[in-house]
Amino acid sequence: MTARFPRTLSEINALSAQDFEAQFAGVLEHSPRYARVVAQARPFASAEAVAAAFASAFDADSQEEQVALIRAHPDLAGKAALAGDLTPESAHEQASAGLDRLSSDEYAEFHRLNAAYHERFGLPYVVCVREHTKASIFEGARRRLANTPEQERAAALHEIGRIARLRVLDLITEEDA
Ligand code: GUN
């Protein structure tokens with residue numbers, strides 16, 4: 001197994017399947033099996049194509065598997081975050097929007113929204129935090145609580161595709177000149 005650090009697209013296309021899986025194991029939260037599927041779709045012409053392959057891999061899944069993927073995400077500012085038990089990717093994302101340094105009122109608001117969300121959908125509220133601010137994360141949770149379960153599964157999977165895209169882009173550098 002090789003360590004994870006940014007590599008060029010040519011290097012990624014040339015990795016063994018095992019090393020490719022190690023490189024991209026963290027792209028979908030607690031779901032390394034998708035990297036195995038994506039490895040088989042090489043060679044890729046761009047980093048965006050790698051990201052799109054992750055989205056295609058979970059789009060092709062059964063609803064049951066998609067729900068398991070959504071449930072693999074920790075609550076934002078939730079128990080795992082408080083316990084320091086997040087994946088490095090999730091910790092970095094949550095910190096990017098300041099979710100690791102909330103006021104007690106903000107913690108209480110996250111707690112209330114996470115609970116309402118679990119109650120309504122039986123899922124964690126997943127949003128691509130790096131594309132949001134605290135205010136838009138709160139606003140999105142309130143808005144999405146009005147979704148039907150089917151709309152909400154689609155919204156969560158859309159956000160997971162956005163999260164995966166940014167994680168993939170972090171792992172692929174420009175080609176050397
Ligand atoms: N958005 C980006 N990362 C995460 C995460 O780890 N959990 C949730 N719920 N949403 C996210």
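Ligands are counted one by one from 1 in listed order, and the atoms in each one are counted from 1 as well.
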request  = With Ser90 as reference, evaluate Gln94, His92, Glu93 under the side-chain hydrogen bond (donor to acceptor under 3.5 Å, both in side chains) test and give the passing residue.
outcome  = Gln94

task = Tell me the residues surrounding ligand 1, counting only those with a heavy atom closer than 4.0 angstrom, sorted by chain and number.
result = His73, Pro74, Leu76, Ser90, Glu93, Tyr125, Val126, Val127, Val129, Ile163

ask   = ring pair (Phe, Tyr, Trp, His ring centres under 6.0 Å): which pairs involve residues 123-162, sequence neighbours left out?
value = Phe110-Phe138, Tyr117-Tyr125

key: Those residues that, when tested against Arg143, pass side chain to side chain contact (heavy atoms under 4.5 Å, CB included) (two or more places apart)   = Glu139

inquiry  = Has Asn114 got a side-chain atom pairing as donor or acceptor with Gly78's backbone, closer than 3.5 angstrom?
reply    = no

ask   = Is the backbone N or O of Ala72 less than 3.5 Å from a side-chain atom of Glu29, with the two atoms forming a donor-acceptor pair by type?
value = no

request  = Go through the structure and list residues passing side chain to side chain contact (heavy atoms under 4.5 Å, CB included) with Leu171, not counting sequence neighbours.
outcome  = Gln23, Phe24, Val27

